[in-house]
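Below is one structure, written out as structure tokens; the observations come after it.
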2 protein chains.
Amino acid sequence: MDLTERKLKILQAVIADFVRTAEPVGSRTISKNYEIGSPATIRNEMSDLEEMGYLTHPHTSSGRVPSEKAYRLYVNEMMKKRELSQEEKDAIAKDLYSNVTELENLIERAAHVLSEITNLTAFALAPGNEQDKLKYVNLLPVDDNTVVLTLVSDSGKVSNTAVRLKKPASEQTLRILSKNMTYNYSGKTLSEALTIDIIQTLKTDAEAMVMFEKSIAPSFIRTLEDMLNVNLYMDGLTNIFALPEYNDINKAKTFFEMINRKADITQKLISRDEGITITIGEENQDEDLSDCSVVTATYHVDGKMVGKLGVIGPTRMQYDEVTSVIEYLTDNISKAFMLEEGDDDDL
Amino acid sequence: MDLTERKLKILQAVIADFVRTAEPVGSRTISKNYEIGSPATIRNEMSDLEEMGYLTHPHTSSGRVPSEKAYRLYVNEMMKKRELSQEEKDAIAKDLYSNVTELENLIERAAHVLSEITNLTAFALAPGNEQDKLKYVNLLPVDDNTVVLTLVSDSGKVSNTAVRLKKPASEQTLRILSKNMTYNYSGKTLSEALTIDIIQTLKTDAEAMVMFEKSIAPSFIRTLEDMLNVNLYMDGLTNIFALPEYNDINKAKTFFEMINRKADITQKLISRDEGITITIGEENQDEDLSDCSVVTATYHVDGKMVGKLGVIGPTRMQYDEVTSVIEYLTDNISKAFMLEEGDDDDL
DNA sequence: GTTAGCACTCGATGTAGATGAGTGCTAACA
DNA sequence: TGTTAGCACTCATCTACATCGAGTGCTAAC
């Protein structure tokens, strides 16, 4: 079956309506608000669209809801870039630079502004020491339940962390892990290290794998972040309470619990690609994010990526607006960093 | 009317039951579980207790709920100190010191452990540069809507913050405010400055007062905190979802919004007295906290207060347990700091 | 290919009655 | 005089049932 012009028009209408109201959209509504045809015609088309996987049906007698496939299509093909008006831009910039004294502060502010405009949960990743490389990784057993994780970086940063193990580890397991970690991590930049998933390489040794996942990894990530001096800011957390999809207390709870695992989020964000990324629902690796969409953008200094800005919200979000605002904000941040770099001489 | 032995016993029973179940307690329940007398007798006594303000009555045909006055009485007079068993202490200590490498980290960990044990929201205030004093405070107008807030401390720290005003300010207002702030803040330590409420002294000038409250104060507090390097950690935020009092989405929302205004909380906590403090419901200055209780304790180094640890929860909380755990944790933190001080020579 | 018409589905809403936990009051009892 | 049994009354909660209406799918006519 083909996605005819009219089908696209209807799909767009359903998405637009559903994004606005969060209620399943019926054929009458669309027939009334758009000049497409009678309810019956639209019903037929919607039925086709459902067959093609773009719409779903909460129950027999309810309207249609866009599927993730529909959002993906919309984002890839149908979404027009929403140009911000000069007034909007001015308002955002004004907001962004108010109360801002330092760059670090600007990042935090950007998350704030972003969450206010989009009414979603915004996050920002402040720049870290991206160039620094890991030189040495070691696990030293102290007693049955404790090991010391040592990291040394090229720039000379040293970190020793005592890690309590959930279960006692054999010396052999520790040797394997230590060797494996050194092999995989040394020579990598700190941020690269955060993105590497060494679980794969441990598959041969279940014990080592479990130990790494449960005991070592959290401390390791935390230490890397500290060394990177990566800072994650979040804002607009409570915005989700205004969304009907989180009216259920359990949904809200799950969301907050997910958000609270900061470390996870940082890892996820860091590993994202350059530029604007839109990840919809199940496209997210993380199960907890499977009914959320995440939009991120990077900001740069000297052409190097240094940080991220983004939002998390329900798959039903105003992708066009969100994208535009994030883009405008990251542009501004990049610009601000450039100015700052120039300013350095003057100070 | 007198608080007879029996009345106290009944009150204690109501509190114990209500803390456990969050349901209004009826006369039959108490009659069954405690050897006090028949339901009718207990009803009569409860009626008296209500008249005296210790119990309330959600509606005619429901059981009794302790009032804040009852909790206050309980905390002051009836509560026995709950001694932690050696096992409990060991478990807490084990938990506290796991994954801990630095003192800063210990504080964060303490908040974590505290929230896990109490199932409430815990916070911890990490030590800052308490001795440093404010030397100079100034407001410099830049344009109608912007002023630069300058703070200089004894130790030479300087901070310039551009503050956007909600409303344009007359030069006169700025002069008044600037003078007032200098007068009130200079010579004070940074943490003292955080506790001073200069709103009082501005009452004569409504415009200055509003401007201070809405525009200046947030930046001022923030800057002070930065200079102090005070860090507020929170943990167990999502614990409230398990509490029946927050089953209502709006309640949860209000709670999170309150918690998110970190600055406010810091201010409130810093201004708290030494030792263990229990603030119940309306006793809290902040309206948003009016159905919460806050328990805090200080930890010390060299006899000087350096930080705080505490929980926020519904007025219905296990005050005895919470108090014991917080006390044990702050003792441990103080001890750890002492050791660290001693260790310095070795490193 | 489009549309009007109609039967059907199913969640949402509203109402009435039953249930039960709990109170307050009265009168009898120790 | 304090305690208790008994009883009428209150009120939130639950269940069953009817109703409503938004929306669909299908058929037949245009």
Side-chain angles (χ1 to χ4, degrees), chain A residues 1-11 13-18 20-67 70 244-245 247-248, chain B residues 1-11 13-18 20-67 70 244-245 247-248:
Chain A
M1 211 176 321
D2 245 13
L3 266 179
T4 60
E5 183 103 1
R6 190 170 63 184
K7 280 196 174 59
L8 282 173
K9 227 169 154 182
I10 291 175
L11 189 55
V14 173
I15 291 173
D17 242 62
F18 185 73
R20 195 165 44 79
T21 63
E23 294 290 329
V25 186
S27 54
R28 275 182 56 86
T29 320
I30 292 183
S31 172
K32 257 186 294 179
N33 299 333
Y34 302 80
E35 314 241 306
I36 297 178
S38 77
T41 310
I42 292 172
R43 271 206 293 284
N44 287 331
E45 295 285 56
M46 293 210 293
S47 185
D48 290 352
L49 283 166
E50 181 157 1
E51 211 177 306
M52 295 162 82
Y54 292 108
L55 294 178
T56 53
H57 222 180
H59 56 90
T60 336
S61 68
S62 84
R64 254 66 175 212
V65 171
S67 68
E245 25 275 276
N247 255 352
D248 176 19
Chain B
M1 212 178 320
D2 244 13
L3 265 178
T4 60
E5 182 103 359
R6 190 169 64 184
K7 281 196 172 60
L8 282 173
K9 226 168 155 183
I10 292 175
L11 189 56
V14 173
I15 291 173
D17 244 62
F18 186 73
R20 196 165 44 80
T21 64
E23 295 290 328
V25 186
S27 53
R28 274 183 57 86
T29 322
I30 292 182
S31 172
K32 255 187 294 179
N33 299 333
Y34 303 79
E35 314 239 307
I36 297 179
S38 77
T41 310
I42 292 171
R43 271 206 293 284
N44 287 330
E45 296 285 54
M46 293 211 293
S47 184
D48 289 352
L49 283 167
E50 182 157 1
E51 211 176 305
M52 295 160 82
Y54 292 108
L55 295 178
T56 53
H57 222 180
H59 56 90
T60 336
S61 68
S62 84
R64 254 64 175 216
V65 171
S67 69
E245 23 276 274
N247 256 353
D248 177 17

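Each chain gets a letter, A, B and so on, in the order its sequence line appears, and its residues count up from 1.
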[X] [atom1] - [N] [atom2] separation (whole Å):
X       : N      : atom1 : atom2 : answer
B:Met46 : C:dG22 : CE    : P     : 9 Å
A:Leu55 : D:dG23 : CG    : P     : 14 Å
A:Glu23 : D:dG23 : CD    : P     : 9 Å
A:Asp48 : D:dC26 : CG    : P     : 12 Å
B:Leu49 : C:dT23 : CG    : C1'   : 15 Å
A:Lys7  : C:dG1  : NZ    : P     : 10 Å
B:Glu51 : C:dT23 : CD    : C1'   : 15 Å

| task | Measure the shortest side-chain to side-chain distance between B:Val14 and B:Val65 over non-hydrogen atoms and say whether it is less than 4.5 angstrom. | result |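 In short, these two side chains do not touch, never coming nearer than 4.5 Å.
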
| field | Residue list, side-chain hydrogen bond (donor to acceptor under 3.5 Å, both in side chains) with B:Ser38, at least two apart or on another chain | value |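 B:Ser38 satisfies side-chain hydrogen bond (donor to acceptor under 3.5 Å, both in side chains) with B:Thr41 only.
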
| task | Applying side-chain hydrogen bond (donor to acceptor under 3.5 Å, both in side chains), name anything that partners A:Lys7, two or more places apart in sequence or on another chain. | result |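 By the side-chain hydrogen bond (donor to acceptor under 3.5 Å, both in side chains) rule, A:Lys7 matches A:Glu45, A:Asp48.
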
| Is it true that a side-chain atom of B:Ser67 and a backbone atom of B:Gly53 form a donor plus acceptor pair closer than 3.5 Å? |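 Between the backbone of B:Gly53 and the side chain of B:Ser67 there is a qualifying donor-acceptor contact (under 3.5 Å).
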
| message | Using every non-hydrogen atom in the two residues, find where B:Leu11 and B:Ala70 come nearest and quote the distance to one decimal. | response |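 That would be CD1-CB, 4.0 Å.
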
| request: For B:Pro66 and B:Leu55, work out which heavy atoms get closest and say how close. | output: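 Of all heavy-atom pairs spanning B:Pro66 and B:Leu55, the closest is CA-CD2, 3.9 Å.
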
| said: The criterion is side-chain contact (heavy atoms from CB on, under 4.5 Å); which residues satisfy it with B:Asn44, sequence neighbours excluded? | reply: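 Not a single residue meets the side-chain contact (heavy atoms from CB on, under 4.5 Å) criterion with B:Asn44.
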
Anything under 3.5 Å between a donor and an acceptor, one on a side chain of residues 22-37 of chain B, the other on a protein residue two or more places apart or in another chain? List them.
residue: B:Ser27; atom: OG; partner: B:Arg43; partner atom: NH1; Å: 3.2
residue: B:Ser31; atom: OG; partner: B:Gly37; partner atom: O; Å: 2.9
residue: B:Asn33; atom: ND2; partner: B:Thr29; partner atom: O; Å: 3.3

| field | Pairing pattern in dot-bracket form [Watson-Crick, G-U; both distances under 3.5 Å; | = partner strand] for DNA chain D | value | ||||||||||||||||||||||||||||||

Distances under 3.5 Å only, N/O to N/O: pair up the protein atoms with those of nucleotides 1-5 of chain D.
residue: D:dT3; atom: OP1; partner: B:Arg6; partner atom: NH1; Å: 2.8
residue: D:dT3; atom: OP2; partner: B:Arg6; partner atom: NH2; Å: 2.7
residue: D:dT4; atom: OP2; partner: B:Ser38; partner atom: N; Å: 3.2
residue: D:dT4; atom: OP2; partner: B:Thr41; partner atom: OG1; Å: 2.4

| Closest-nucleotide ordering on DNA chain D, the 5'-leading residue of A:Thr60 and B:Thr60 |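 Taking each residue's closest nucleotide, the earlier one in sequence belongs to B:Thr60.
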
| field | Qualifying salt bridge (Lys or Arg N to Asp or Glu O under 4.0 Å) pairs with a residue from residues 54-66 of chain B, counting only residues at least two apart or across chains | value |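 As it turns out, the salt bridge (Lys or Arg N to Asp or Glu O under 4.0 Å) pairs with a partner in residues 54-66 of chain B, which skip direct neighbours, are B:Glu50-B:Arg64.
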
| Proximity to DNA chain C (any heavy atom under 4.0 Å), residues of residues 27-34 of chain B only |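 Listed by number, they are B:Ser27.
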
Pairs under 3.5 angstrom, nitrogen or oxygen only, protein versus nucleotides 11-21 of chain C, please.
none

